[in-house]
Protein chains: 2
Amino acid sequence: MMKKYTIKDISELAGVSKGTVDRVLHKRGKVSESALKKVNKILEEIEYKPNPIAKSLKNNKIYRVCILFPRSNQDSFWTPCLTAIKEMENNYQAFGISIEQHRYDSKSPTSFLEQANALIATKPDAILMAPLFYQEAQIIKKRCFEQEIIISTFNNVIDKNSLTNYIGQDLFQTGRIAAKLLDSLTTSGDLLIVHIDEQVQNATHMQEKENGFKHYFEEKNDPAYSISTININKTLDTNYFEFLDSYFKSNPNITGIFVTTSKTYVAAQFKTESRKDIKIVGYDLVEKNIEHLKKGSIDFLINQNPKKQAFQGLRNLAEHLLFAKEIPKETLLPIDIINSENYREYLE
Amino acid sequence: MMKKYTIKDISELAGVSKGTVDRVLHKRGKVSESALKKVNKILEEIEYKPNPIAKSLKNNKIYRVCILFPRSNQDSFWTPCLTAIKEMENNYQAFGISIEQHRYDSKSPTSFLEQANALIATKPDAILMAPLFYQEAQIIKKRCFEQEIIISTFNNVIDKNSLTNYIGQDLFQTGRIAAKLLDSLTTSGDLLIVHIDEQVQNATHMQEKENGFKHYFEEKNDPAYSISTININKTLDTNYFEFLDSYFKSNPNITGIFVTTSKTYVAAQFKTESRKDIKIVGYDLVEKNIEHLKKGSIDFLINQNPKKQAFQGLRNLAEHLLFAKEIPKETLLPIDIINSENYREYLE
DNA sequence: CAAAAAAATGTGTTCGAGCACATTTAAAAA
DNA sequence: TTTTTAAATGTGCTCGAACACATTTTTTTG
């Protein structure tokens with residue numbers, strides 16, 4: 001364990017005052033070349049790291065960290081984020097971090113823009129957002145950069161090439177995982193990819209998953225399997241059951257379903273009523289899915305872990321503000337495979 | 001967001017000096033009843049939380065947090081702990097936390113005692129240990145209490161009723177998970193529980209897992225399945241393959257194997273050479289297991305996640321020392337199900 | 001060469017908690 | 001009532017970084 005040096009230590013070693021050391025460290029200029037040399041020499045020797053605690057105490061600010069995500073009454077997928085927020089509040093309140101929650105209508109880009117702009121107008125220190133709408137998210141991101149508000153995103157990628165600090169999962173890979181699971185559960189047959197009831201903004205989301213799923217089977221190149229895809233949308237097909245029933249009647253060889261959204265329970269419901277033999281893999285630990293998982297009508301769920309995403313995102317921001325910790329450009333969380341026996345520990 | 005009160009704020013509100021407030025907060029006595037009342041009244045009103053950063057700065061100590069666990073050359077299971085240690089060092093060094101690594105021979109209770117005692121003699125601030133040996137761990141734990149060294153355990157429970165801060169998994173439940181997985185992978189047959197090459201000290205470990213496994217199938221009560229258990233020990237049966245081969249010849253109806261230790265690859269090796277049809281579920285992301293996972297000769301692994309256990313344990317201790325955060329009595333980590341498609345993200 | 005301006009360097013205060021020590025007030029003894 | 005002793009209360013310094021401001025040194029100009 002090396003000694004912890006302070007600015008005062010350095011100043012004594014270099015034979016200058018702590019003010020001079022401070023100016024060197026912060027590159028504030030007004031330092032003679034000879035003094036600069038002396039200080040830099042010491043700095044090289046000792047590998048100085050400023051005490052983040054003293055730094056933070058001196059700063060002594062209350063930082064406003066805001067999180068912006070869809071309202072839960074539309075999609076219980078987001079509910080676990082509340083737990084993450086509560087935990088963050090408990091852990092970081094005393095450090096001078098204030099967490100604010102802002103919500104928007106997951107079906108309305110306008111609502112997103114309104115909420116985000118209202119939020120920016122209050123000049124928070126940092127924002128973590130789940131950006132469902134690509135175009136609008138870009139605008140908001142740009143605005144944050146202009147106003148020097150630190151911005152991170154979670155759950156949805158808005159730009160693969162840009163440098164928004166992103167916390168989430170490799171969606172393509174989740175598709176491969178689903179494929180592997182259905183491969184384990186079945187030996188042959190038609191596998192059906194089902195996109196249920198999603199808005200346009202999630203299209204890329206679902207597409208990534210579908211691509212991953214297909215990629216796995218293309219790689220395997222097993223003639224025993226064939227894969228097809230359908231879209232179900234509540235507004236078009238008011239009755240899920242009838243739609244699925246007629247589809248399955250004309251395609252009797254289906255042995256497994258991969259649902260690309262949280263609405264896995266819709267397929268599971270159909271399974272219990274009509275085709276008990278098919279295997280189902282889907283997404284997310286929402287209540288209705290867990291019910292089916294327990295009953296056996298869903299075989300596996302893939303956990304997108306919104307709670308962990310939100311928590312990690314908020315934590316990154318808080319520790320950056322408090323202790324100047326670097327925020328990773330991309331945090332890819334592990335992809336959890338969930339069955340009836342291990343879901344409990346993953347719940348909020 | 002409520003205001004952050006300081007001791008000075010309180011002293012002004014109560015009309016006393018900050019010294020008096022300090023005495024009330026720390027119950028140091030020497031406070032008149034009238035002053036006590038005034039201060040307590042304010043304290044009730046504002047719900048004061050001391051600033052952990054100021055506290056920590058004042059303290060300004062270098063804390064020694066030590067971790068004690070088996071040497072890796074015997075069992076690569078422990079290797080990921082090194083990553084946890086490195087991460088902790090990077091994150092907490094500047095806060096005045098020094099992490100020390102101490103190792104012992106996983107086959108020798110004496111070695112454990114020696115290392116632990118030598119460690120205690122240096123009077124560290126906190127110890128996190130993986131206590132393989134029940135009796136000896138009890139002794140060490142008691143000694144730590146006497147010397148007022150904070151002690152946590154991980155991976156192995158030493159006493160279900162005691163209050164050692166434990167970080168690990170519900171082993172019984174991991175057995176149930178393995179059972180559910182083999183249930184998913186097969187439709188009937190004999191399932192074999194295999195305990196491979198473990199020392200006595202792990203007996204309870206393995207027993208818990210076996211019990212969980214059996215419990216699942218007892219609950220299911222499916223006549224299509226039957227379950228049996230075998231022990232293999234390298235010292236007794238020098239050749240794993242021969243032993244398994246003869247066993248499988250006399251029990252031809254086995255469809256799945258549950259290996260209760262990291263040595264799952266032993267069963268997988270047998271599978272590739274002789275019985276490609278059987279399904280295998282086992283434990284831990286050690287290199288040899290991952291090889292088989294990729295090749296398909298292991299179907300699922302259950303991740304005991306030693307890295308996360310060590311990290312969580314060290315973190316609890318560090319934040320307790322630095323910021324007086326309470327250490328949870330028991331931290332049960334989620335039990336990860338791993339297949340060939342999601343192991344990557346769980347690796348160190 | 002002295003005065004003025006500029007550059008360089010040093011000093012002192014702040015953040016909040018905690019504790020040693022100084023000072024004041026109240027109670028007990030003479 | 002005065003002195004002694006004890007109890008109560010207040011003051012001031014520390015931790016390390018950061019920055020404002022004061023002081024010193026060097027350079028420029030009349």
Side-chain angles (χ1 to χ4, degrees), chain A residues 2-40 42-43 46-63 92-97 321-325, chain B residues 2-40 42-43 46-63 92-97 321-325:
Chain A
M2 51 190 145
K3 193 192 177 308
K4 273 178 73 182
Y5 290 92
T6 69
I7 287 186
K8 209 181 152 211
D9 291 332
I10 298 170
S11 72
E12 279 163 11
L13 286 167
V16 295
S17 76
K18 65 198 184 89
T20 303
V21 176
D22 180 70
R23 276 181 286 268
V24 173
L25 286 170
H26 295 86
K27 293 176 185 150
R28 279 198 248 278
K30 311 210 172 182
V31 176
S32 71
E33 240 175 277
S34 68
L36 188 75
K37 254 187 214 162
K38 283 190 284 184
V39 173
N40 275 332
I42 302 296
L43 284 178
I46 64 167
E47 204 185 345
Y48 168 74
K49 276 190 185 179
N51 182 332
I53 291 176
K55 204 175 211 165
S56 171
L57 177 64
K58 181 66 195 31
N59 245 14
N60 192 38
K61 257 195 206 162
I62 292 185
Y63 290 103
Y92 284 87
Q93 191 241 60
F95 289 90
I97 295 285
L321 292 169
L322 289 173
F323 308 122
K325 280 198 190 162
Chain B
M2 50 188 146
K3 193 192 176 312
K4 272 179 72 185
Y5 290 93
T6 71
I7 288 187
K8 210 183 150 209
D9 291 333
I10 298 171
S11 71
E12 278 163 11
L13 286 167
V16 295
S17 76
K18 66 199 186 86
T20 304
V21 175
D22 180 70
R23 276 181 285 269
V24 173
L25 286 170
H26 295 85
K27 293 179 186 150
R28 279 199 247 277
K30 310 208 173 185
V31 176
S32 71
E33 238 174 281
S34 68
L36 188 75
K37 253 187 214 161
K38 281 191 286 185
V39 174
N40 274 333
I42 302 295
L43 285 178
I46 63 166
E47 202 184 346
Y48 168 74
K49 276 190 184 179
N51 181 332
I53 291 177
K55 204 176 211 166
S56 171
L57 177 63
K58 181 65 195 30
N59 243 14
N60 193 38
K61 257 194 208 165
I62 292 185
Y63 290 103
Y92 284 88
Q93 191 240 60
F95 290 90
I97 295 286
L321 292 169
L322 289 174
F323 307 122
K325 279 197 190 161

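These numbers come from the heavy atoms of this one structure, side chains and all, not from hydrogens, waters or symmetry mates. Chain letters run A, B, ... following the sequence lines, proteins first, then strands; residues in each count from 1.
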Specify the separation, in whole Å, of atom CZ of A:Phe95 and atom P of C:dA17. 13 Å

Using whole Å, what does the distance between atom C1' of nucleotide C:dT14 and atom CG of B:Asn51 come to? 14 Å

Any side-chain N or O of A:Ser32 less than 4.0 Å from the OP1 or OP2 oxygen of D:dT26? no

Any sub-3.5 Å donor-acceptor pair from A:Ser11's side-chain atoms to A:Lys8's backbone N or O? yes

Given C:dA8, C:dG18, D:dC19, which nucleotide is nearest the side-chain atoms of B:His26? C:dG18

B:Leu25 vs B:Ile7 side-chain heavy atoms within contact, under 4.5 Å: yes

Atom pair distance, as rounded to whole Å: CG in A:Asn59 and C1' in D:dA17: 9 Å

Rounded distance in Å - NZ (A:Lys8) to P (D:dT14): 9 Å

Would you say a side-chain N or O of B:Ser17 is under 4.0 Å from OP1 or OP2 of D:dG10? yes

Would you mind reading off the distance between B:Asp9 atom CG and C:dC15 atom P, rounded to a whole angstrom? 11 Å

Let's go through B:Leu321 and B:Lys61 carefully: what are the C-alpha distance in whole Å and the side-chain angles of both, what is the deciding distance for side chain to side chain contact (heavy atoms under 4.5 Å, CB included) to 0.1 Å, and is it a yes or a no? CA-CA 10 Å; B:Leu321 292 169; B:Lys61 257 194 208 165; over 6 Å; no

To the nearest Å, give me how far apart CG (A:Leu322) and P (D:dA17) are. 17 Å

How many Å lie between NZ on B:Lys18 and C1' on C:dG18, as a whole number? 8 Å

Quick check on C:dG16: is either OP1 or OP2 less than 4.0 Å from any side-chain nitrogen or oxygen of B:Tyr48? no

Does A:Asn60 place a side-chain N or O at less than 4.0 Å from the phosphate oxygens OP1/OP2 of C:dG16? yes

For A:Thr6, is there any backbone N or O sitting under 3.5 Å from a side-chain donor or acceptor partner on A:Asp9? yes

Round to a whole Å and report the spacing from CG of A:Asp22 to C1' of C:dT11. 13 Å

Indicate whether OP1 or OP2 belonging to C:dC15 is found under 4.0 Å from a side-chain N or O atom of A:Ser56. no

By nearest atom, which of the nucleotides C:dG18, C:dG10, D:dT9 is closest to the A:Val16 side chain? C:dG10

For A:Arg23 and for A:Ile7, find the nucleotide of DNA chain D with the closest heavy atom, then tell me which residue's nucleotide is more 5'. A:Ile7

Is B:Lys58 touching bases, backbone alone, or none of the nucleic acid, heavy atoms closer than 4.0 Å? base

Is the terminal nitrogen or CZ of A:Lys49 (NZ for Lys, CZ for Arg) located under 6.0 angstrom from the six-membered ring centre of B:Tyr92 and within 45° of that ring's axis? no

Under 4.0 Å: is that the gap between some side-chain N or O of B:Thr20 and OP1 or OP2 of D:dA8? no

